[in-house]
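This report refers to the structure that appears directly beneath it.
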Amino acid sequence: MTTRIFNFSAGPAVLPKPVLEEAQRDLIALPGVGMSILEISHRSKPFEDILNTAIANIRELAGIPSHYKILMLQGGASLQFSMVPMNLLGAGATADYIDTGSWAGKAIKEARKVGAVHVAATTKSDNYSRIPAPGEQRLTPGAAYVHMTSNNTIEGTGWKSLPETGSAPLVSDASSDIFSRPIAVEKHGLIYAGAQKNLGPSGVTLVVIREDLLERSQATLPTMLNYKVHAENDSLYNTPNTFGIYILGLTMKWLRALGGLRAIAATNERKAAKLYGEIDRGGFYRGTAQKESRSLMNITFRLPDEELEKLFVKESTAAGLDGLKGHRSVGGMRASLYNAFPEEGVDALVEFMREFERKRG
Ligand SMILES: *Cc1c(COP(=O)(O)O)cnc(C)c1O
């Protein structure tokens, strides 16, 4: 048995070990089916059960009301940058976007290709080191929707409470913090997330959409980009990512067995507090996000200079702590502590950081 190292990658990211073990055990033949999940039709009863169970577990976990549809699509969160405006931004209307970092910026870029976009708030002048305060938002009256990024994977910031959007539906890119804590679904019109951070493997995109918004999807849209079509076909208009949905389903089962979103939130807070505690302990490490905006999922920090940072990456990798190099656009370090990341890995990183400072500080 090969030993597993600690995987701090921002995504695709660590999956729960029991999920990998179950998938490995059943890969050749699903119990009672006699064929691999990789071999069965997406229209077969066994796959329908896998899909329906995954959706039921998601609904249960997050308390998603029955007037929201749960879709499993493809194309990543990046395709949602286009699908959201194509479906929800009608002619003559304006969509508000809150610009909190690189992913928000990409969402804005794609929406501008579709229609009128108003940037309702931005923290660009602070290097995206914080989430805007409520008073900084300049919302458009009658906006088609307001788009936010609940956790900024690259900059290491996260929203602590949702923005007030009045009657405009709130649309959230929750790719990097979905199901890391309880989520007020009813305050949203639409929530989307690429699966590869907190839900499962890459290649599945979860979309939770309030049913009345489906009426905005025009029949003239390309069929595969139409939420209404996917909703009417229960995510089976075409062949979905069957294996990805299977692993996502196992991950949701694992999360429920742990005690659900409240339980995982407590663990996530404890994990993040340990690492932020070490970052704040002396002056050697420096957190890049402002304290009140700190992400619990992606923890970004710097060392005194870039030479030390290169050395830190090299030595931590050699010590079995993989994926700590920050995103190329911002530099520094980033430790991604998603749901499946084990607490022992945080302890190991803290110990490594102390030792590194003792040797090099
Ligand atoms: C990773 C990420 C994306 C991009 O996801 P893809 O599935 O690769 O398209 C978008 N938004 C956020 C917040 C992310 O973390």
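As the structure lists them, so they are numbered: ligands from 1, and atoms in each ligand from 1.
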Handout entry: Sub-6.0 Å ring centroid separation between His42 and Phe47
Key = no
Completion exercise
Paired with Asn151, the side chain to side chain donor-acceptor pair (under 3.5 Å) test is passed by just one of Ser172, Ser180, Ser295, namely Ser295
Completion exercise
Only residue of Arg112, Lys113, Lys106 satisfying salt bridge (Lys or Arg N to Asp or Glu O under 4.0 Å) with Glu110 is Lys113
Problem - Pairs involving residues 227-247, ordered by first then second residue, that meet side chain to side chain donor-acceptor pair (under 3.5 Å) (sequence neighbours left out) - result: Gln80-Tyr227
Handout entry: salt bridge (Lys or Arg N to Asp or Glu O under 4.0 Å) assessment of Arg354 paired with Glu351
Key = CA-CA 5 Å; Arg354 292 201 173 175; Glu351 200 179 299; over 6 Å; no
Handout entry: Tyr145 ring center near Tyr97 ring center (under 6.0 Å)
Key = yes
N or O contacts of ligand 1 with protein under 3.5 Å, please list pair by pair.
from, atom 1, to, atom 2, distance (Å)
ligand 1, 7 (O), Ala77, N, 3.1
ligand 1, 7 (O), Gln196, NE2, 2.9
ligand 1, 8 (O), Gln196, NE2, 3.4
ligand 1, 9 (O), Ala77, N, 3.2
ligand 1, 9 (O), Ser78, N, 2.8
ligand 1, 9 (O), Ser78, OG, 2.6
ligand 1, 11 (N), Asp173, OD2, 2.6
ligand 1, 15 (O), Thr153, OG1, 2.4
ligand 1, 15 (O), Lys197, NZ, 2.7

